[in-house]
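Comments concern the structure below.
Keep in mind the model is a prediction, meaning the values are calculated, not measured. For the numbers below, each heavy atom of this structure counts, side chains included, while hydrogens, waters and symmetry mates do not.
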Amino acid sequence: MRPFLEKLPAIPGASWSLLNRRLEEGIPFEWHHHPEYELTLTLNSQGQRFVGDHVGEYGDGDLVLVGANLPHTWASRARPDPARPHVALVMWFRHEWAQALGEGFAELRPIAGLLARAEAGLAFSPQAASRARPMIEALFEAELAERFLALVRVLLVLAGDDGAAPLAGTVAARDLDSADRERIDRVLLHIHRHYAAGIANEDLAGIAALSPSGLHRLFRRHMRTSISDYVMRLRIGEACARLSSGDQPIGHVAEAVGYRALANFNRQFKALRGMTPRAYRALFRG
């Protein structure tokens with residue numbers, strides 16, 4: 001199993017990192033986190049993205065900024081052009097790096113506001129993503145100094161995007177010691193792989209090597225929500241992705257994301273989204 005804490009590549013002579021990731025077989029589900037912020041532009045790929053307790057659809061040109069230590073992954077389903085690979089243009093930088101820009105240059109202070117908004121993850125509007133896309137693509141071809149300046153320009157553009165949408169409903173506390181971080185990592189990985197199949201708290205407690213009550217306290221303290229609410233948000237998030245992108249009957253959607261009783265699904269969906277699943281689907285019908 002891949003380690004949950006991802007170690008990012010270092011680039012000699014650079015203060016931040018980047019990766020041009022090209023995958024013929026698709027983007028795999030690799031649930032992970034790291035202390036750096038991550039800006040990812042996804043090209044020629046369609047599927048689902050998972051950020052904290054958010055589950056949503058993504059497509060070509062999707063642009064997302066993920067906060068520090070916020071668990072996330074993408075999982076592809078298809079690529080618009082089968083002759084070309086799935087592409088993820090990924091940029092990583094630390095909070096201190098961006099904070100120093102804002103503190104050192106008054107013109108760059110909007111970047112600090114962008115970081116605060118990105119703590120729970122941000123999906124940028126199609127307009128902002130379209131504007132930033134050629135800048136990001138050119139950035140990967142630039143020399144070190146110009147690459148740095150290009151990233152600053154991109155962040156300033158994104159800082160002005162009033163249409164950027166927050167993603168995760170809950171954000172993990174930052175003050176985790178290593179033992180608790182490892183426990184939470186193991187539990188979150190299991191939850192994200194099995195939330196649709198049903199999850200017993202006793203099984204999660206065993207994974208964490210804690211009593212059920214001990215796990216409940218640890219999870220609530222560090223995830224700022226209960227296990228049941230976290231699972232509910234994941235299920236409803238996937239249901240939203242299915243309702244907005246397909247014609248699967250609502251009862252089948254409910255069962256696919258882990259609900260055996262349609263009435264319970266309808267009740268929890270309305271509590272979280274403020275409308276029924278049928279009304280939510282209608283938003284995406286022309």
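The heavy-atom pair separating Ala241 from Glu57 by the smallest distance is CB-OE2, 3.3 Å. Minimum interatomic distance between Pro110 and Ala159 (heavy atoms only, all atoms of both residues): O-CB, 3.6 Å. When all heavy atoms of Ala132 and Val154 are compared, the pair lying nearest together is CB-CG1, 4.4 Å. The nearest pair of heavy atoms linking Pro28 to Leu23 is CD-CD1, 4.0 Å. Across all their heavy atoms, Val187 and Leu215 have their closest contact at CG2-CD1, 4.0 Å. Residues Leu151 and Met91 come closest through the heavy atom pair CD1-SD, 4.1 Å.
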Between Leu39 and Leu158, does the side-chain contact (heavy atoms from CB on, under 4.5 Å) criterion hold? Intermediate values first, please. CA-CA 11 Å; Leu39 180 63; Leu158 299 180; 3.8 Å; yes
Apply side-chain contact (heavy atoms from CB on, under 4.5 Å) to residues Phe219 and Thr225 and explain how you reach the verdict. CA-CA 7 Å; Phe219 198 93; Thr225 189; 4.2 Å; yes
Given side-chain contact (heavy atoms from CB on, under 4.5 Å), test Leu18 with Leu139 step by step and report yes or no. CA-CA 10 Å; Leu18 77 170; Leu139 175 157; 3.8 Å; yes
As a quick check of understanding, evaluate side-chain contact (heavy atoms from CB on, under 4.5 Å) for Arg193 and Leu189, giving each step before the final call. CA-CA 6 Å; Arg193 287 182 169 174; Leu189 183 60; 3.8 Å; yes
Could you walk me through whether His192 and His72 satisfy the ring-ring contact (aromatic ring centres under 6.0 Å, His included) test, starting with their C-alpha distance in whole Å, then the side-chain angles of each, then the deciding distance to 0.1 Å, before giving a yes or no? CA-CA 10 Å; His192 273 258; His72 59 281; over 10 Å; no
Are Glu24 and Arg79 close enough, and set up right, to give a salt bridge (charged side-chain N to carboxylate O under 4.0 Å, His left out), and what steps lead you there? CA-CA 10 Å; Glu24 294 291 342; Arg79 47 183 167 172; 3.1 Å; yes
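Taken to the nearest 0.5 Å, the CD1 atom of Ile136 stands 5.0 Å off from the CG atom of Leu41. Distance check, rounded to the nearest 0.5 Å: CZ of Arg21 to CD1 of Ile27 gives 6.5 Å. Of the inter-residue distances, the one linking Asn201 atom CG with Ser213 atom OG reads 11.0 Å to the nearest 0.5 angstrom. Distance check, rounded to the nearest 0.5 Å: CD1 of Ile184 to CD1 of Ile207 gives 12.0 Å. Atoms CG and CG, on Leu115 and Leu65 in that order, are 7.0 Å from each other to the nearest 0.5 Å. To the nearest 0.5 Å, atoms CG (Leu144) and CG (Leu149) are separated by 11.0 Å.
Qualifying ring-ring contact (aromatic ring centres under 6.0 Å, His included) partners for Phe50, counting only residues two or more places apart in sequence or in other chains: Phe29. Taking the side chain to side chain donor-acceptor pair (under 3.5 Å) definition, one finds that Arg278 meets it with nothing, sequence neighbours left out. For Glu107, there are no salt bridge (charged side-chain N to carboxylate O under 4.0 Å, His left out) partners, not counting sequence neighbours. Not counting sequence neighbours, Arg273 has no partner by the salt bridge (charged side-chain N to carboxylate O under 4.0 Å, His left out) test. Looking at residues two or more places apart in sequence or on another chain, you find a salt bridge (charged side-chain N to carboxylate O under 4.0 Å, His left out) between Arg242 and Glu238. Remark: Asp62 engages Arg49 in a salt bridge (charged side-chain N to carboxylate O under 4.0 Å, His left out) (not counting sequence neighbours).
Residues Leu63 and Thr40 are not in side-chain contact: their nearest non-hydrogen atoms beyond the backbone lie 4.5 Å or more apart. Considering only heavy atoms from C-beta on, Leu70 stays 4.5 Å or farther from Tyr37 through its side chain. Residues Ser76 and Tyr58 meet the side-chain proximity criterion, which asks for heavy atoms closer than 4.5 Å. With contacts defined as side-chain heavy-atom distances shorter than 4.5 Å, the pair Val55/Arg235 does not qualify. Using a 4.5 Å heavy-atom threshold, the side chains of Asp229 and Ser226 count as touching. For the pair Val64 and Leu122, the minimum side-chain heavy-atom distance is 4.5 Å or more. For the pair Leu204 and Ile199, the minimum side-chain heavy-atom distance is below 4.5 Å.
Judged by distance alone, the side chain of Asn44 and the main-chain N or O of Asp81 form a donor-acceptor pair under 3.5 Å. Judged by distance alone, with hydrogens and angles left aside, the side-chain atoms of His54 form no donor-acceptor pair with the main-chain N or O of Gly52 at under 3.5 Å. A donor-acceptor contact shorter than 3.5 Å links the side chain of Ser244 to the backbone of Cys240. Listed for the Ser125 side chain is no donor-acceptor partner under 3.5 Å among the backbone atoms of Gly163. Side chain of Asn266 to backbone of Thr276: no donor-acceptor contact under 3.5 angstrom is found. Under a 3.5 Å cut-off, the side chain of Arg22 and the backbone N or O of Val87 do not form any donor-acceptor pair.
The list of salt bridge (Lys or Arg N to Asp or Glu O under 4.0 Å) pairs with a residue in residues 197-219, not counting sequence neighbours, is empty. Residue pairs meeting the salt bridge (Lys or Arg N to Asp or Glu O under 4.0 Å) criterion with at least one member in residues 93-103, sequence neighbours excluded, are Glu36-Arg94. Among residue pairs with one or both ends in residues 194-215, those qualifying as ring pair (Phe, Tyr, Trp, His ring centres under 6.0 Å) are His190-His194; sequence neighbours excluded. Screening residues 234-269 for ring pair (Phe, Tyr, Trp, His ring centres under 6.0 Å) gives Tyr259-Phe265, Phe265-Phe269, Phe269-Tyr280 as the qualifying pairs, with residues at least two apart or on separate chains. Applying the side chain to side chain donor-acceptor pair (under 3.5 Å) test to pairs two or more places apart or on separate chains, those with a residue in residues 133-145 are Asp60-Arg133. Evaluation of the ring pair (Phe, Tyr, Trp, His ring centres under 6.0 Å) test over residues 104-147, restricted to residues two or more places apart or in two chains, returns none.
The number of heavy atoms from other shown groups lying within 6.0 Å of CD (Glu255) does not exceed 12. The number of heavy atoms from other shown groups lying within 6.0 Å of CZ (Arg153) is above 12.
Side-chain contact annotation: Gln48 with Arg77, donor-acceptor N/O pair under 3.5 Å present. There is a side-chain donor-acceptor pair under 3.5 Å between Trp97 and Ser15.
By the 4.0 Å N-to-carboxylate-O rule, Arg221 lies close enough to Asp180 to be salt-bridged with it.
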